[in-house]
Amino acid sequence: VHKDVTLTEPAHSREVENLYREQGPKLWRAVMSFAGNRSITDEAVAEAFAQLLARGDAVRHPSAWVWKAAFRIAAGELQRAHRPLPSQAPGPHEDPEPLPEVISALASLPPVQRAVVVMHDYADRPAAEIADTLGIARSTVRVHLSQARRRLRRTLEDPR
Amino acid sequence: MSEPLKAFDRLDELTPTDLWSDIEHRRTGPEPEPPVSRSRRITVICVAFAIAAVAIVLPVVAITRARDAQDPNQFGTTGRRGVAESPMGIPIALTYPTDWFAENVVQPASLDPQTDAGTMFGLIISNAREAMPAPSDSHGDDDAGPLPDDPDLPPSFVSVTILATEPYPGNDGPDSSLPLSLHDAEVVPGDGNIRILEAQVAGVPFTITVRGGPLASDSDLALADAIVSSIQPAEGQNANSEHVVVPDLVGLPISEAIEAATNAGLTVETIQILDDSKLGEPGADDVLSQMPFAGTEVERGASISVTVTAMPHPGPSPAVDERRVGVYEAMIRELVDPRADGKVIYVNSKLCSYLGTRGDDLGRCPDLIAPDEQRVLVDRLIDLGPVEFVDAFGVGRVESPVTLLGPIIDSPDGLRVEGGYWCGPLCAGGSMYVVELVGSGSGYEVVGTDDSYGSWIS
């Protein structure tokens, strides 16, 4: 259940911190699954929350906003850096702990499908929010989700 | 919906970085201004709107009227332009309605085109409500607030180019939720219009003008409702240059190869046939090799030699002959899984035309609807009976017989339909929905719908 609250000053900072404590770990793991890179994930999540802090009560739905911002920042960073996907070039310095197999499998998906399946199946974000985040129609989210699941299953069942 | 993948449970083993101190440290910008009282805010907004109405709306209306008067073929508010570069380095300009949004998308070199075809090159168009705001745009969205001022907003998020309404009955290619691309774009016939392929091989910049379809104002249809109203060489350009680039014909059925060569200003003069006894086998008429190679620059009108295994017909004549019908019918029957239950109930003419002839105008569909006693022979199209679901627009429920067309594969859960097409009442109007069905036996579940079809506005 994702409950958005309207933040008002002066409790804003505390509310954001509460939001971070409550959803930050899930968001971090979701972005990590999408980006496959710890430094990009750290940057995206930190920047998203920092911008949420800076915007004060201008953001009506902080939870949805911060998820959207984090994913878009991560995607922008990936795009800018042209970073290889984790399955292609694991970064031992950046990811000291072994990555779950599913992250490698996710890397085989196109970015949109990766984002959709992570946000929906792992993070349990609502389809409308995913559609808004990715700038696509809700029906398209469902199609991507279906295709992503199918490909993920295939990859996980038959890792090559 | 199926259950979430259990593999995701393992993600919880990842240890997130504690970023809170970093987040607070980043907060170096100016403190947010103290909240303005509600009544004052409303007053300011009203005044601002009044000024905007006078300063912006009136000139826009005047400009729009002038533009419409110049080109009645264009959508009323067409005017914005986006520019992209094709994979061949050819500039492409896109003109689209002012309330739509476009963003350049270039296929990242790091992606595998086989698996990442969802992130195709192209111009993404949608209406403003669905689109990501441009970096410099301030949409004044007080709901989500402006996005981070990132000049490199992630184009890969919005991954498909929708410029056309040409039916696309097969979704067996690379995954793509809306399987249309520039190459599929059709154009309303008109003076000076050229085919995209023609422009590309000629190497001339061109301009694509799109207009909204009848439902373009519906945000949920944003990505699927653009109609190409013209494709023309850029001003001062001429598609009839002396040299053209040889298109890649390998893998194309011979009829398509001939068409592609013709569109490029070339001819297919020599067709080497390796084994005509293979006639009717899948891919027998696909081009195996070509000379000159794709990408070679040759004089317009030059000839190309190709090799095929078998030749389905003696020449590129558009005339219908029974042999060709037989080949195409065999291709369709090849897709049939005889294990599936069901009967052939309907063959959509567009579908038949596309699948059977790959766009070639055969003149008529092969007669696939067998008599009752023989229907088991052709079970590709399966009557699933009435299915009720929320339609692609989310505005109503549709109950209609479902026609399924999709590969049926063996899976641990039994026979499984991997995709399909529903041809409901709108079929008769020339419009179709793509419906993805997943399930087995009678337990099919509609997991996605998309209006990937459309109809020309005449």
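Note on naming: letters A, B, ... go to the chains in the order of the sequence lines (proteins, then strands), and numbering restarts at 1 for each one. We use all heavy atoms of the structure for the numbers below, so side chains are in, but hydrogens, waters and symmetry mates are not.
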Subject >> Candidate pair D9(B) and Y122(A), rule side-chain hydrogen bond (donor to acceptor under 3.5 Å, both in side chains), full reasoning >> reply: CA-CA 8 Å; D9(B) 293 345; Y122(A) 171 67; over 6 Å; no
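In this structure, the portion of L106(A) lying under 4.5 Å from any heavy atom of chain B is its side chain and not its backbone.
Nearest heavy atoms, T15(B) versus R38(A): O-NH1, 3.3 Å. Here the closest non-hydrogen pair linking T17(B) and D42(A) is OG1-OD1, 2.9 Å.
In this structure, the ring pair (Phe, Tyr, Trp, His ring centres under 6.0 Å) partners of Y20(A), at least two apart in sequence or on a different chain, are F49(A), W20(B). With sequence neighbours excluded, no residue satisfies side-chain hydrogen bond (donor to acceptor under 3.5 Å, both in side chains) with N18(A).
We find the CG-CD1 distance between L11(B) and I103(A) to be 5.5 Å, quoted to the nearest 0.5 Å. We find the CZ-CZ distance between R29(A) and R10(B) to be 13.0 Å, quoted to the nearest 0.5 Å.
Contact check for F8(B) versus D124(A): no side-chain heavy atoms found under the 4.5 Å cut-off. Contact annotation: the side chain of I23(B) never approaches that of E47(A) to less than 4.5 Å [non-hydrogen atoms, C-beta and beyond]. For the pair D22(B) and E43(A), the minimum side-chain heavy-atom distance is 4.5 Å or more.
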